[in-house]
Amino acid sequence: MDIKEYIDSGILELYVAGSLSDKENQEVHELMLKHPDIEREVLKIETTLLQLAAASSPSESKHVFKTVKEHIMLDNKNSKTNSYVNKKSKINWFNYSGWIASILFAVGLLWLGYENRQLTSEKNQLSNEINQLKTKISTNESDKKFLELEIEKVNTNLKESKELISILRDRHIIAVPLAGQAISLNAYAKIYWDKSTKTIYLDAQGLPEPPEGKVYQLWSLTLEPLTSKSLGTLNDFDSVTNKIFTLKNANASQAFGITLEPEGGSITPTLDQLYTLGIV
């Protein structure tokens, strides 16, 4: 049970004001016995109520005390009933109006405090709901932006794929298959060489993932005499999804080879790490 929430509910003010049912009064009384905080709050409310009543009608309280005293003094054995009846009939109930007004005023203040707490609670709940709605809107906006970026990425890839297909189907493109060598007989690759633009499109899908710290390097070869010239390394091999690499080649190449080299590439090919080779 949340003691603070129970105290803030306003039920203790109604208990002090006598506005609860017998069952509800019993429940409050039992909780007062179990929880000192609730008992202290009830005593605090009662003290506040009495202080407000006394402050609002000090003269009336003196008059009431005096009247009660007179009743006691006049209450003797010989005329007990008659004296009481006569005095009772002479009581001016207007003298009690201050007390009644004070009590009603205090009850009104307690009820107003209860209503204010209820309004504050509803306001906080509404504020939380608004914040949750703002969070959902922000999340939806983020999801929307993410989807837009993904769509843009897909469209870009689609455009590049269409352009690549168009290039590879060009009748002026020279296709050079590269077969696997002793170090990896299952390896393969294919070169599409556009001499007019001096561009090579290398399909390296048939090469295994290079080990850490190593990189594939493409070589342009001439056969007589056998010479080699690096056309570049296949960087970020694992992150290139389609394994298509674009490199420049202004050489009069007669063959192409791919070797596995230390990261950053080598000046000359490491022949015992020759993975594929193909003649134009």
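- The side-chain contact (heavy atoms from CB on, under 4.5 Å) test applied to Pro262 returns Lys214, Ser266, not counting sequence neighbours.
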Identify each donor-acceptor pair in which a side-chain atom of residues 126-135 lies under 3.5 Å from a protein atom, sequence neighbours left out, and give them as a table.
unit_1 : atom_1 : unit_2 : atom_2 : d
Asn128 : ND2    : Asn124 : O      : 3.3
Asn131 : ND2    : Ser127 : O      : 3.3
Thr135 : OG1    : Asn131 : O      : 2.9

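- Under the side-chain contact (heavy atoms from CB on, under 4.5 Å) criterion, Pro225 pairs with Thr227, sequence neighbours left out.
- If you take NZ on Lys198 and CG on Asn251, they are separated by 9.5 Å, rounding to the nearest 0.5 Å.
- Interatomic distance, Thr241 OG1 to Lys243 NZ, rounded to the nearest 0.5 Å: 6.5 Å.
- In this structure a side-chain-to-backbone donor-acceptor pair under 3.5 Å is present from Gln181 to Ala179.
- No more than 12 heavy atoms of other residues, nucleotides or ligands shown are found within 6.0 angstrom of CD on Glu5.
- Here Lys229 pairs with nothing under the side-chain hydrogen bond (donor to acceptor under 3.5 Å, both in side chains) rule; sequence neighbours left out.
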For residues 33-41, which side-chain N or O atoms pair as donor and acceptor with protein atoms under 3.5 Å away, sequence neighbours left out?
unit_1 : atom_1 : unit_2 : atom_2 : d
Asp37  : OD1    : Arg40  : NH2    : 2.2

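- A pairwise comparison of heavy atoms in Gln254 and Leu223 identifies OE1-N, 2.6 Å as the closest pair.
- The side-chain contact (heavy atoms from CB on, under 4.5 Å) test applied to Ser21 returns Lys23, Glu24, not counting sequence neighbours.
- Residues Leu271 and Leu231 do not share a hydrophobic cluster, defined by chaining ILVMFWY side chains whose heavy atoms lie under 4.5 Å apart.
- Within the 3.5 Å criterion, the main-chain N or O of Pro269 finds no donor-acceptor partner in the side chain of Gln217.
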Kindly determine whether Leu260 and Thr270 satisfy side chain to side chain contact (heavy atoms under 4.5 Å, CB included), including the steps that lead there. CA-CA 7 Å; Leu260 186 66; Thr270 305; over 6 Å; no

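- Residues Leu221 and Leu207 do not share a hydrophobic cluster, clusters being chains of Ile/Leu/Val/Met/Phe/Trp/Tyr side chains in contact below 4.5 Å.
- Taken to the nearest 0.5 Å, the CD1 atom of Ile200 stands 10.5 Å off from the NZ atom of Lys195.
- Identified under the ring pair (Phe, Tyr, Trp, His ring centres under 6.0 Å) test for residues 4-29, with sequence neighbours left out: none.
- Looking at residues two or more places apart in sequence or on another chain, you find a side-chain hydrogen bond (donor to acceptor under 3.5 Å, both in side chains) between Ser220 and Ser253.
- Between the CD1 atom of Ile258 and the OG1 atom of Thr233 there is a distance of 12.0 Å, given to the nearest 0.5 Å.
- In this structure Asp203 satisfies the side-chain hydrogen bond (donor to acceptor under 3.5 Å, both in side chains) test with no other residue, sequence neighbours excluded.
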Give the intermediate values and the outcome of side-chain hydrogen bond (donor to acceptor under 3.5 Å, both in side chains) for residues Thr197 and Asp194. CA-CA 6 Å; Thr197 61; Asp194 185 350; 3.2 Å; yes

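- In terms of hydrophobic clustering, with Ile, Leu, Val, Met, Phe, Trp and Tyr side chains grouped at heavy-atom distances under 4.5 Å, Ile3 and Val16 are assigned to a common cluster.
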Run Val240 and Leu234 through side chain to side chain contact (heavy atoms under 4.5 Å, CB included) and show every step you take. CA-CA 10 Å; Val240 178; Leu234 310 186; over 6 Å; no

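- Residue pairs meeting the ring pair (Phe, Tyr, Trp, His ring centres under 6.0 Å) criterion with at least one member in residues 204-223, sequence neighbours excluded, are Tyr216-Phe237, Tyr216-Tyr275.
- The side-chain hydrogen bond (donor to acceptor under 3.5 Å, both in side chains) search around Glu30 returns Gln26, not counting sequence neighbours.
- When the side-chain contact (heavy atoms from CB on, under 4.5 Å) test is applied to Val176, the partners found at least two apart in sequence or on another chain are Ile174, Leu178, Ile191, Phe256, Val280.
- The neighbour count for Ile279 CD1, taken as heavy atoms of other residues, nucleotides or ligands under 6.0 Å away, does not exceed 12.
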Between Glu209 and Asp238, does the side chain to side chain contact (heavy atoms under 4.5 Å, CB included) criterion hold? Intermediate values first, please. CA-CA 7 Å; Glu209 293 286 334; Asp238 57 339; 3.5 Å; yes

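- Taking all atoms of both residues into account, the shortest heavy-atom contact from Val215 to Gly265 is CG1-N, 4.0 Å.
- The same ILVMFWY cluster, assembled from side-chain heavy atoms under 4.5 Å apart, contains both Leu14 and Leu12.
- Separating the CG atom in Asp2 from the CD1 atom in Ile7 is a distance of 9.0 Å, to the nearest 0.5 Å.
- Under a cut-off of 6.0 angstrom, the local environment of CD in Glu263 is sparse, with at most 12 non-hydrogen atoms contributed by other residues, nucleotides or ligands.
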Side chain to side chain contact (heavy atoms under 4.5 Å, CB included) between Asp272 and Ile183, intermediate numbers included: CA-CA 7 Å; Asp272 62 352; Ile183 193 171; over 6 Å; no

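- One finds the CD atom of Gln205 at 14.0 Å from the NZ atom of Lys190 (value rounded to the nearest 0.5 Å).
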